[in-house]
Amino acid sequence: MNEPLPQIRKHATYQDVLDAPPNMVAELINGALHVWRLPSPRHALAISRLSAELGRPFYIGEGGPGSWWILNKPELHLGEDAVVPDLGGWRRERMPEFPDTAAFDLAPDWACEILSPSTRRIDLTEKRDIYLREGVKHLWFVDPAARTLEAFENRDGTWVLIVALKDADDVCVAPFDAITFELSALWPD
């Protein structure tokens, strides 16, 4: 099923993000407002399952090192941009206290975008550039339709592909390489 293209308004402000309908995701990217529907079921499942795979060992510390804040759909205020990755993670050594704010102004150490037809172009271009500019160290792209995961590392201001996985490959990828899980855990069948 094809998702509708996002609504885009140029020369937007953060007030436009606040005024977006509550059933939509709104982002301010390079001065343009991007508004799209909430994720499809496959998209939402991938977010939920990846969050579960990483949450226990890295957030809670069960079967892994702990010491991370891992969040679904955190709103990030990065420079003039307001973006919402599907998942974001901060090492607690960089963010020892969890903020009591509506959004984060500290870029995450890791961001993950679940690709969909409506967000693919923005995720792979403009948002990737924003994450690089703001010093995000690790960026993952998960594609539920293609059943793939591509992981990048920021090396001296350049995204370097560190691994491309597919189907049921084992995922043991930085910054979460202390554990291994099957990529197929993110798919519905």
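The first residue of the sequence shown is numbered 1, and numbering continues consecutively from there. Only a predicted model underlies this, so the values are computations on that prediction, with no experimental measurement involved.
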Rounding to 0.5 Å, atoms CG (Leu139) and SG (Cys112) come to a distance of 8.0 Å

Does Leu54 belong to the same Ile/Leu/Val/Met/Phe/Trp/Tyr cluster as Leu149, with side-chain heavy atoms less than 4.5 Å apart forming each link?
-> yes

Considering non-hydrogen atoms only, spot the tightest contact between Val84 and Glu27 and give its length.
-> N-OE2, 2.5 Å

Take atom OH of Tyr59 as the centre, draw a 6.0 Å sphere, and report whether it contains more than 12 heavy atoms from other residues, nucleotides or ligands.
-> no

Taking the side chain as every heavy atom from C-beta outward, state whether Lys127 and Leu78 have any pair of such atoms under 4.5 Å apart.
-> no

Side-chain ion pair, Arg147 and Asp189, N-O less than 4.0 Å | yes

Any salt bridge between Arg128 and Asp123, counting N to O under 4.0 Å?
-> no

For the student: nearest non-hydrogen atoms of Phe58 and Ala178, plus distance = CZ-CB, 4.0 Å

Applying ring-ring contact (aromatic ring centres under 6.0 Å, His included), name anything that partners Tyr131, two or more places apart in sequence or on another chain.
-> none

Audit row: Val173, Leu165, side-chain contact (heavy atoms from CB on, under 4.5 Å) steps and yes/no = CA-CA 10 Å; Val173 180; Leu165 304 171; 4.0 Å; yes

Compare every heavy atom of Glu80 with every heavy atom of Leu28, then report the nearest pair and how far apart it is.
-> CD2-O, 3.7 Å

Pair Ser184-Glu182, side-chain donor/acceptor within less than 3.5 Å = yes

Aromatic plane relationship, Trp68 with Phe176 - under 30° parallel, 30 to 60° tilted, over 60° perpendicular = tilted

Residue pair Asp86 / Ile114: nearest heavy atoms and the distance that separates them | OD2-N, 2.7 Å

Distance (rounded to the nearest 0.5 Å) between Arg37 CZ and Ser116 OG | 9.5 Å

Same apolar cluster (I L V M F W Y, side chains within < 4.5 Å links), Val160/Leu124 | no

Would Trp69 and Leu76 show up in the same hydrophobic cluster when neighbours are defined by side-chain heavy atoms closer than 4.5 Å?
-> yes

Give a yes or no answer on whether the side chain of Asp16 reaches the backbone of Leu33 with a donor-acceptor pair at less than 3.5 Å.
-> no

When clusters are formed by joining ILVMFWY residues with side-chain heavy atoms under 4.5 Å apart, either directly or through shared neighbours, do Trp110 and Ile47 land in the same one?
-> yes

Can you see which heavy atom on Thr158 is nearest to which on Leu132, and at what distance?
-> N-CD1, 3.8 Å

Residues in side chain to side chain donor-acceptor pair (under 3.5 Å) contact with Glu97, at least two apart in sequence or another chain | none

Does the ring of Trp187 carry Arg42 above it, NZ/CZ under 6.0 angstrom from centre and within 45° of its axis?
-> no

Considering all heavy atoms of both residues, which atom of Trp140 and which atom of Pro175 are nearest to each other, and what is their separation?
-> NE1-CD, 4.2 Å

Asn72 and Leu87: side-chain contact (heavy atoms from CB on, under 4.5 Å), yes or no, with the steps?
-> CA-CA 5 Å; Asn72 295 352; Leu87 290 157; 2.7 Å; yes

Could you tell me whether the side chain of His43 reaches within less than 4.5 Å of the side chain of Ser118, counting heavy atoms only?
-> no

So OG1 of Thr180 and CG of Asp169: to nearest 0.5 Å the spacing works out to 12.0 Å

Hey, is Arg120 close enough to Glu113 for a salt bridge, meaning N to O under 4.0 Å?
-> no

Using 30° and 60° as the class limits, which term best fits the ring planes of Trp159 and Phe152: parallel, tilted or perpendicular?
-> perpendicular

Rounded to the nearest 0.5 Å, how far apart are CG of Asp129 and CD1 of Ile122?
-> 10.5 Å

Mind checking the CZ-OG1 spacing from Phe141 to Thr148? Nearest 0.5 Å is all I need.
-> 11.0 Å

Candidate pair Asp167 and Leu183, rule side-chain contact (heavy atoms from CB on, under 4.5 Å), full reasoning = CA-CA 6 Å; Asp167 302 325; Leu183 185 58; over 6 Å; no

CG-CD distance between Asp81 and Glu126, expressed to the nearest 0.5 angstrom | 8.5 Å

Can you establish whether the number of heavy atoms outside Lys166 located under 6.0 Å from its atom NZ is more than 12?
-> no

Got more than 12 heavy atoms from elsewhere within 6.0 Å of CG, Asp105?
-> no

In terms of hydrophobic clusters joined by side-chain contacts under 4.5 Å, are Leu50 and Leu38 together?
-> no

